[in-house]
Amino acid sequence: MKGGLGGALFAALCCFTPLLVVVLAGAGLSAITGWLDYALFPMLFLCLAVVAQALWLRAGRLGPSPKIWSTLIAVLLSILIIALEFRGALILTFVAAVLTGAYAISLNRFAKEV
């Protein structure tokens, strides 16, 4: 859970702030900053998939494993955001985070009912 949340936070900070660009420019690697989003957005979505799996494990394995569908959603969102050339990136990222949060809430409600 901590690794998934940490990775998602790192990717979000690097995607939506100039943090990584400044660090890479300071290290003399500013030539690769144009390609960062092609790695950071898929990393963000895959980290949210890891969070979904961790939530499922934490809830005591209620229902089917989210491993396949959360990974599939992460891959599809990554393809979609790259195909759209990052238009609506913030909206797609927000949707992915909300879906992960809704999954957590549904797991908690199901655990209380059982």
Side-chain angles (χ1 to χ4, degrees):
M1 177 73 116
K2 290 178 185 177
L5 287 174
L9 181 63
F10 173 77
L13 281 174
C14 293
C15 285
F16 301 118
T17 66
L19 176 71
L20 197 55
V21 174
V22 171
V23 171
L24 288 173
L29 299 172
S30 58
I32 64 171
T33 58
W35 296 95
L36 286 177
D37 288 337
Y38 292 101
L40 290 173
F41 277 105
M43 179 180 150
L44 174 66
F45 296 138
L46 288 174
C47 285
L48 288 175
V50 168
V51 169
Q53 179 70 16
L55 288 169
W56 177 72
L57 289 171
R58 180 184 277 180
R61 297 185 175 114
L62 304 170
S65 172
K67 191 181 298 185
I68 292 174
W69 64 261
S70 63
T71 304
L72 182 63
I73 289 171
V75 169
L76 290 175
L77 282 173
S78 299
I79 291 169
L80 181 64
I81 206 165
I82 291 169
L84 293 174
E85 295 179 357
F86 303 104
R87 286 186 213 114
L90 186 59
I91 294 169
L92 283 175
T93 302
F94 182 72
V95 167
V98 167
L99 287 174
T100 305
Y103 182 66
I105 291 169
S106 70
L107 282 176
N108 285 336
R109 285 190 181 163
F110 186 73
K112 288 178 184 176
E113 292 174 5
V114 173

Flag the pair Phe45 / Thr93 as yes when at least one side-chain heavy-atom distance between them is below 4.5 Å, and no otherwise.
yes

Smallest heavy-atom separation, Pro66 atom then Trp56 atom, equals CD-CG, 3.4 Å

Linked, directly or transitively: Val95 and Leu44 (ILVMFWY side chains, under 4.5 Å)
no

When rounded to the nearest 0.5 angstrom, what is the spacing between CG in Leu5 and OG1 in Thr100?
9.5 Å

Do the side chains of Leu57 and Leu99 join up, straight or via other hydrophobic residues, at under 4.5 Å, putting them in one cluster?
no

Ring pair (Phe, Tyr, Trp, His ring centres under 6.0 Å) involving Tyr38 - partner list, sequence neighbours excluded:
Trp35, Phe86

One should read off an interatomic distance between Leu46 CG and Ser78 OG, to the nearest 0.5 angstrom, of 5.5 Å

Any chance you could measure Lys67, atom NZ, to Leu72, atom CG, to the nearest 0.5 Å?
15.0 Å

In the structure I gave you, are the side-chain heavy atoms of Leu77 and Ile81 within less than 4.5 Å of one another anywhere?
no

Calculate, to the nearest 0.5 Å, the distance between atoms CG and OG belonging to Leu55 and Ser106 respectively.
9.0 Å

Give me the atom names and distance for the closest heavy-atom approach of Val51 to Gly4.
CG2-C, 3.5 Å

Report the C-alpha separation of Gln53 and Ser70 in whole Å, then their side-chain angles, then the decisive distance to 0.1 Å, and conclude whether the side chain to side chain contact (heavy atoms under 4.5 Å, CB included) test is met.
CA-CA 8 Å; Gln53 179 70 16; Ser70 63; 5.5 Å; no

Identify whether Phe41 and Val75 are in the same connected component of the hydrophobic contact network (ILVMFWY, side-chain heavy atoms under 4.5 Å).
no

Closest approach of Leu48 to Ala96 (non-hydrogen atoms, all atoms of both residues):
CD1-CB, 3.7 Å

Please determine whether residues Leu29 and Val21 belong to a single hydrophobic cluster, defined as Ile, Leu, Val, Met, Phe, Trp and Tyr linked transitively by side-chain heavy-atom distances below 4.5 Å.
yes

Rounded to the nearest 0.5 Å, what separates atom CG in Leu84 from atom CG in Leu92?
7.0 Å

Mind checking the CG-CG spacing from Leu13 to Leu19? Nearest 0.5 Å is all I need.
6.5 Å

